[in-house]
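One structure below.
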There are 4 protein chains.
Amino acid sequence: MPPPGTTGPDRPMRADARRNRTRILEAAELVFAEQGSSGSTEEVARRAGVAIGTVFRHFPTKDDLLAAIMKNLLEQLVAEAGALSDSEPRTALFTFFTRIVEQAAARKAVVDLLARNGVEIRLPELVTVFADAVGDMLRQAQTTGTVDPDIRLPEVMALLASTSQGALHGGWDRELRRRVLDVVFAGLAPKADRPTDRAR
Amino acid sequence: MPPPGTTGPDRPMRADARRNRTRILEAAELVFAEQGSSGSTEEVARRAGVAIGTVFRHFPTKDDLLAAIMKNLLEQLVAEAGALSDSEPRTALFTFFTRIVEQAAARKAVVDLLARNGVEIRLPELVTVFADAVGDMLRQAQTTGTVDPDIRLPEVMALLASTSQGALHGGWDRELRRRVLDVVFAGLAPKADRPTDRAR
Amino acid sequence: MPPPGTTGPDRPMRADARRNRTRILEAAELVFAEQGSSGSTEEVARRAGVAIGTVFRHFPTKDDLLAAIMKNLLEQLVAEAGALSDSEPRTALFTFFTRIVEQAAARKAVVDLLARNGVEIRLPELVTVFADAVGDMLRQAQTTGTVDPDIRLPEVMALLASTSQGALHGGWDRELRRRVLDVVFAGLAPKADRPTDRAR
Amino acid sequence: MPPPGTTGPDRPMRADARRNRTRILEAAELVFAEQGSSGSTEEVARRAGVAIGTVFRHFPTKDDLLAAIMKNLLEQLVAEAGALSDSEPRTALFTFFTRIVEQAAARKAVVDLLARNGVEIRLPELVTVFADAVGDMLRQAQTTGTVDPDIRLPEVMALLASTSQGALHGGWDRELRRRVLDVVFAGLAPKADRPTDRAR
DNA sequence: AATGAATGAGGTTTCATTCAT
DNA sequence: GATGAATGAAACCTCATTCAT
């Protein structure tokens with residue numbers, strides 16, 4: 001967000017440029033969804049209807065392109081997380097979790113990147129924002145007694161990433177997704193819910 | 001005519017050939033561990049200290065090489081599974097699960113393949129054998145009341161693959177691994193009578 | 001939006017691209033002439049003074065390159081055939097035949113391909129056009145009594161291909177070419193009235 | 001042919017060695033017949049049932065192998081030529097010519113080599129012997145008035161090679177072969193056979 | 001002599017990236 | 001800013017030939 005009143009030297013981006021940027025991102029999401037992160041930059045350009053040079057003007061590196069896609073995805077997810085927290089606070093976390101895993105199959109290579117080191121250490125802010133959103137839902141769920149208070153964010157994030165990946169590459173069907181998530185959610189549930197004494 | 005009892009009909013593979021095969025596999029495991037399954041065959045050859053042609057004599061295709069590594073790994077795992085079932089039947093499944101996830105970090109791209117479609121339709125027998133071994137442990141764990149009887153093999157396999165992948169690409173440290181697995185194991189525990197006997 | 005009347009919808013190919021395409025074709029003709037159709041694409045690139053990638057941008061496959069060369073040749077030949085039919089209708093066939101055989105020595109691997117199956121099922125239209133042109137000349141020659149009416153196009157084409165190949169790979173000198181063609185032309189002459197008019 | 005009584009130092013070749021040599025040649029003839037002269041040496045070894053090293057012990061170079069095959073063929077042809085001259089002197093040349101062209105289809109890459117420069121300048125003696133045999137038949141045919149006296153050996157050899165090549169690569173069927181050879185033989189026939197006056 | 005493993009140059013092809021137009 | 005041709009470093013793979021066994 002540029003400081004207001006400073007729009008001078010770095011132009012706000014021409015209309016066509018912005019339009020191209022968008023089309024490239026859309027095309028890239030498609031291509032990488034289909035072919036994994038090894039899809040070619042040329043293919044992205046072709047589908048976006050621009051020349052290869054234009055892709056590189058907007059994203060100097062293939063990794064930049066991948067990072068941008070991920071940024072997009074994360075932003076959407078954060079938005080969804082916010083909406084959920086407002087409407088169904090108790091199970092917001094579980095609903096969100098489920099939704100991500102279900103969508104994984106449709107966003108192939110993006111989730112792929114999420115878990116990898118492909119997009120090196122960049123956009124950490126974004127990831128933080130996302131983690132914060134999930135953290136909020138976690139806290140809420142613990143407050144309302146839906147999740148055990150001992151659970152911490154890192155393992156939730158880790159499980160989220162793992163199961164997304166799994167659903168993605170493993171091609172889990174509806175039922176398997178359900179059964180896997182049942183296990184995970186049961187594991188997150190308060191220990192109090194369970195009979196009682198946890199020997200040792 | 002060779003002296004009887006000296007050389008069988010299907011020659012057992014020359015000493016240097018066997019040595020090279022081993023070195024190539026070791027090198028490949030390293031290379032793919034570091035660079036993912038996109039590491040180059042040339043690099044493998046270089047590290048193995050052989051010429052590129054030698055790699056291709058042993059593994060006519062890059063995929064053959066990847067498949068061989070995976071075969072190796074699965075064989076080891078099956079062996080470990082067998083040993084575990086004998087020595088500590090109650091918690092064999094959990095111990096095994098834990099071990100795999102822990103080792104994942106050290107065997108990068110192999111686990112990578114396990115979850116992917118990289119090595120296409122090959123070594124399905126091996127995978128079956130592996131799944132069977134896990135299935136045995138699951139049944140055992142359910143018999144002894146360590147795992148809920150409603151749990152079925154597919155979700156166990158799915159969770160195994162997911163968490164291995166996660167540990168691998170996410171770079172989980174010792175503690176995170178512990179916490180994630182605690183959640184999973186809690187989720188697998190019997191619902192009615194969970195507290196009773198969770199080994200240790 | 002380009003000024004109207006300046007750049008048509010399907011751009012006419014950039015100057016450097018056209019230049020390179022030409023140079024590649026020329027280089028390829030040379031290389032394949034010298035080394036047969038097994039000459040390497042790299043060598044073609046080197047002689048054309050372009051990078052290897054440029055060759056593949058213009059001709060995605062080695063076969064495409066070979067096909068392009070052949071297309072070039074056939075087009076020239078068809079043009080020549082047309083011109084000949086107009087100017088010296090009686091002996092157009094013989095003159096054309098002679099010319100092809102003579103040039104064969106200079107266009108090595110192209111003629112090579114003509115007779116082979118190398119360039120698989122491509123440019124069949126071109127070949128048809130060529131055969132048609134020869135067919136026209138044959139009919140003309142038969143009408144004017146230069147060639148026996150029993151002769152049919154297939155054997156003419158076959159003899160054309162054979163002798164071109166022969167001249168090419170056998171390295172026939174001027175005189176040998178003359179003597180071989182004399183035999184062939186004598187064989188094509190009318191049986192009843194052969195002596196009448198054998199041009200020259 | 002070693003001078004008699006000199007068999008000492010260079011051993012006469014062990015029985016198995018001779019057997020292998022033969023099998024390699026047979027295999028090579030098959031392989032090169034099917035795949036052209038680009039068939040691989042390994043394939044030859046495989047079909048001969050020997051190891052690759054054995055092939056190279058007998059023929060230090062791929063070209064040596066090709067040359068040996070050609071030598072074989074030429075020897076056969078010379079023998080056939082001799083037999084023919086004895087039995088049907090008038091048309092020995094035409095019969096021989098026809099036979100070669102017909103067999104071409106079955107001896108692919110060998111004829112291929114015959115016309116090419118592949119097997120560099122080697123086995124020239126053999127070729128000479130072969131040419132001599134054809135020369136004998138030509139002279140005979142001219143003596144008996146079957147071939148025009150102006151015809152010389154070079155063009156006969158050239159036509160022989162060309163049409164063999166043509167039949168080989170062009171895949172001529174029985175009829176086309178017949179029609180082409182009819183033209184050639186007509187072209188070789190005595191000019192006297194034809195009406196008479198060669199006006200102009 | 002035979003074996004077959006090893007070599008390594010070379011072949012075709014892909015693709016991220018640069019740069020003239 | 002956009003275009004798309006050019007670049008050139010790999011990548012995977014083949015195969016004639018050498019050499020230890």
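Reminder, nothing fancy here: chain letters follow the sequence lines and each chain counts from 1.
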Task: Salt-bridge present (E29(D), R47(D); N to O < 4.0 Å) - done: no
Task: Nearest-Å distance for atom pair CZ/P, residues F59(C) and dA5(F) - done: 13 Å
TODO: Indicate, with a heavy-atom threshold strictly under 4.0 Å, whether R14(A) touches base, sugar-phosphate, or nothing.
DONE: sugar-phosphate
TODO: Mind calculating the distance between CD (E43(D)) and P (dA16(F)) to the nearest angstrom?
DONE: 11 Å
Task: Contact under 4.0 Å: H58(A) side-chain N or O vs dA2(F) OP1/OP2 - done: yes
Task: Nearest heavy-atom neighbours spanning I69(D) and A28(D) - done: CD1-CB, 3.5 Å
TODO: Using atom CZ of R18(B) as one end and atom P of dT21(F) as the other, report the distance to the nearest whole Å.
DONE: 16 Å
Task: Proximity to the side chain of A51(A) - top-ranked nucleotide from dG4(F), dA6(F), dA5(E) - done: dG4(F)
TODO: Would you mind telling me which residue lines up with the more 5' stretch of DNA chain E, E42(C) or G53(B), judged by nearest nucleotide?
DONE: G53(B)
Open item on the list: Within the 4.0 Å heavy-atom criterion, would you say T41(C) contacts the bases, only the backbone, or no part of the nucleic acid?
Closed with: sugar-phosphate
TODO: Find which nucleotide of DNA chain E each of R46(C) and R21(B) is nearest to by heavy atoms, and output the residue with the more 5' nucleotide.
DONE: R21(B)
Open item on the list: Any side-chain to backbone donor/acceptor pair from R18(B) onto M13(B)? Under 3.5 Å, distance only.
Closed with: no
- [ ] Tell me what S40(B) touches on the nucleic acid: a base, only sugar-phosphate, or nothing, going by heavy atoms under 4.0 Å.
- [x] sugar-phosphate
Open item on the list: Nearest heavy atom decides the nucleotide; on that basis, is R19(B) or A17(C) closer to the 5' end of DNA chain F?
Closed with: A17(C)
- [ ] Give the rounded distance in Å between these two atoms: NZ of K62(B) and C1' of dT13(E).
- [x] 15 Å
- [ ] Go through DNA chain F and write down every stem, that is, every run of at least three consecutive Watson-Crick or G-U wobble pairs with distances under 3.5 Å, as range with range.
- [x] E:2-21 with F:2-21
TODO: Let me know the distance between CD1 of I52(B) and P of dA16(F), rounded to the nearest Å.
DONE: 18 Å
TODO: Compare all side-chain heavy atoms of F59(D) with those of T41(D) and state whether any distance is below 4.5 angstrom.
DONE: no
- [ ] Drop me the distance from T61(A)'s OG1 to L66(A)'s CG, to the nearest 0.5 angstrom.
- [x] 10.0 Å
TODO: Measure the distance from CG on L66(D) to P on dT17(F) and round it to the nearest whole Å.
DONE: 10 Å
Task: Nearest heavy atoms of V44(B) and I24(B), plus distance in Å - done: CG1-O, 3.8 Å
Task: Listed nucleotide nearest any side-chain atom of F56(D), set dA16(F), dT18(E), dT13(E) - done: dA16(F)
Open item on the list: With a 4.0 Å limit, can you tell me whether N20(D) has a side-chain N or O closer than that to the phosphate oxygens OP1/OP2 of dA1(E)?
Closed with: no
Open item on the list: Looking only at the side chain of D16(D) (C-beta and beyond, no hydrogens), which of the listed nucleotides dA6(F), dA2(E), dA6(E) gets closest?
Closed with: dA2(E)
Open item on the list: Please tell me if R57(B) has a side-chain N or O lying less than 4.0 Å from either OP1 or OP2 of dA6(E).
Closed with: no
TODO: Could you tell me the separation between the CZ atom of F32(D) and the CE atom of M70(D), rounded to the nearest 0.5 Å?
DONE: 14.0 Å
Task: Interatomic spacing from CG in L30(C) to CD in E43(C) - rounded to 0.5 Å - done: 10.0 Å
